[in-house]
Number of protein chains: 2
Amino acid sequence: MKKTCCQHQFVTPCTKKVPIFHSLSEEEMQKIADMAKHESFQKGSPVVQEGDSSQTLFIVNKGRVKVSKTTVDGKEQILHLLTCGEFFGELNLFNGSPSQSISVYALESTEICLLRKQDIDQVMEENPNIAFKLLETVTNRLAHTENLVQNLATKDPEVRLVHMILEFSEKFGTETEKGIEIDLTLSREEIANYIGVTRETISRKLSKFEDLNFITAIGNKQLIVKDIDLLEEYVI
Amino acid sequence: MKKTCCQHQFVTPCTKKVPIFHSLSEEEMQKIADMAKHESFQKGSPVVQEGDSSQTLFIVNKGRVKVSKTTVDGKEQILHLLTCGEFFGELNLFNGSPSQSISVYALESTEICLLRKQDIDQVMEENPNIAFKLLETVTNRLAHTENLVQNLATKDPEVRLVHMILEFSEKFGTETEKGIEIDLTLSREEIANYIGVTRETISRKLSKFEDLNFITAIGNKQLIVKDIDLLEEYVI
DNA sequence: TTGCAGAAGTGACTTCAATCACCGTTGTTG
DNA sequence: CAACAACGGTGATTGAAGTCACTTCTGCAA
């Protein structure tokens, strides 16, 4: 049996984890999984470097990555955090005028499946509804980015931070008896680079939110949201 | 002959103006144009109000619109400026979880063609490559939004304004002997609401750029970029 | 376990865009 | 064309986040 990118590699092809392929049959999924190249990245290492414009779809099979841009004044702006089943590289693939200045870094030990443009094209030709799925996903990504714009446009950094915590609660949070537990995987500086403030401001505001009894920080990589309604009320 | 949404309504169906339909035959274009509803909006009037989530694709046939969101602190953040041939409403149509808080206003006298979801679905089923075109366009929109994020993340307002001028030069500019002429159609306040600063800051910075001989303002709705290279150098 | 480097917290200071207030300009409409 | 409202320019003030500098904490490796 061929090696696939999966953790349980002899049971499930990686494509099973990816929502855009969910409409396909077992054989088709296996076929695509066989076309894919698989790479591992350790925490902190670059998956895509600024300036790279390879015609490839990158699918996160395990782990977590950050997608970011660098501003003219040299700051990192994080655009997206992607986990298992999500993809990136769509700008270079589907955009009329590609060559984006985007970087992608592994936030933890990560496995990526790579599909070349020619393979994607073939898959889409044989299964037209993949195009619909892609359209849905990219539209979703657009909605997320527009929300990020809205958040960055909000002048008050506290509001921005609250919004981020609410977003993370939904995306990465798990209910516990103490509240919603969030695995950050981001450093304070990276949090800052996501909501457009400085590291120091994040420190101060998180302390403030602890004093206000909104959250509890466990170490530097975990947050517990004690009362999410309280947080929501705080930003009115 | 049926009425279409076109300026030369007895010659060309509105669909001819829209890149996503360019791959279709004359008859197909006419058929879609006949399915569409057509509405006119005068300058300043709302096309879509915050909260509206009608399952409709809106195609700009004539004029110009602004797509915006409102931040929690009550400010308008302009996301996109759309002209003839461009569309909006994609978030409600293709997004798994719709209901976006987005507003659209006519910036000048504008004509819009409306296509219902069921019609779009039918068109996509009959012409699968429309889905590809849509994917390309939405990806483009995503790239634009990510650039906006990058711009808003840039702390220096001068740099943000220069970027906007460069963007507008490309999208709305026409070469003249005096330089690149830009039809703004935006008020100073709307410019401010696009790059995330205040009206006053726009005033001051535009004056500064005039003093620096980068631009000339003609009235309040036109800019002439005297030397675009100078502008580009200014932001390094 | 110690030692070290990178990350995070924190106080003091600074800065620059926001805010406020006001006046001048434009353009719309009866 | 007069009158008014909306828009735009500009000076003075201010306040909150950025910046700087330093300490403390954390996690990793020898």
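Rounding to whole angstrom units, CD of residue E76(A) and P of dA7(C) are separated by 12 Å. When the P atom of dA17(D) is taken as reference, atom NZ of K155(B) falls 11 Å away, rounded to whole Å. Atom CZ in R199(B) sits roughly 8 Å away from atom P in dG9(D) (whole-Å rounding). At whole-Å resolution of the value, CG in L206(B) and P in dG9(D) are 7 Å apart. E189(A) places its CD atom 12 Å from the P atom of dG18(D), with the value rounded to the nearest Å. Whole-Å rounding puts the K208(B) NZ to dG8(D) C1' distance at 20 Å. For the pair I195(B) CD1 and dA18(C) C1', the interatomic distance rounds to 14 Å; values are reported in whole Å. Atom CZ of F209(B) and atom P of dG9(D) are 14 Å apart (whole Å).
Salt bridge status for R188(A) with E190(A): absent, with no side-chain N to carboxylate O gap under 4.0 Å. Using a cutoff of 4.0 Å between basic side-chain nitrogens and carboxylate oxygens, R141(B) and E86(B) are not scored as salt-bridged.
Between the side chain of R188(B) and the base of dG9(D) there is no donor-acceptor pair of N/O atoms closer than 3.5 Å. For R204(A) against dG11(C), a side-chain-to-base donor-acceptor contact under 3.5 Å is present.
Both cation-pi conditions hold for R64(A) and F172(A): the charged atom is under 6.0 angstrom from the six-membered ring centre and inside a 45 degree cone around its axis.
Using cut-offs of 30° and 60° for the angle between ring planes, the F214(B) and F209(B) rings count as tilted.
Comparing dT10(C), dG18(D), dG8(D) by their nearest atom to the side chain of S207(A) picks out dT10(C). Closest contact between the side chain of P157(B) and the listed nucleotides dA8(C), dA17(C), dA21(D) involves dA17(C). The side chain of S187(B) sits closest to dC7(D) out of dT19(D), dG18(D), dC7(D). Looking at the side chain of S203(A), the nearest of the listed nucleotides dA18(C), dT10(C), dC20(C) is dT10(C). Taking every side-chain heavy atom of K205(B) into account, dA17(C) is the closest of dA17(C), dT10(D), dA8(C). For T201(A), the side-chain atoms get nearest to dA17(D) when compared with the rest of dG8(D), dA17(D), dA8(C).
Counting non-hydrogen atoms under 4.0 angstrom, E200(B) reaches a base of the nucleic acid. Residue contacts for K43(B): at a heavy-atom cut-off of 4.0 Å it reaches no nucleic acid atom on any strand shown.
Mapping D156(A) and E190(B) onto DNA chain D by nearest heavy atom places E190(B) closer to the 5' end of the strand.
The two residues V225(A) and S169(A) have their closest heavy-atom pair at CG2-OG, 3.6 Å.
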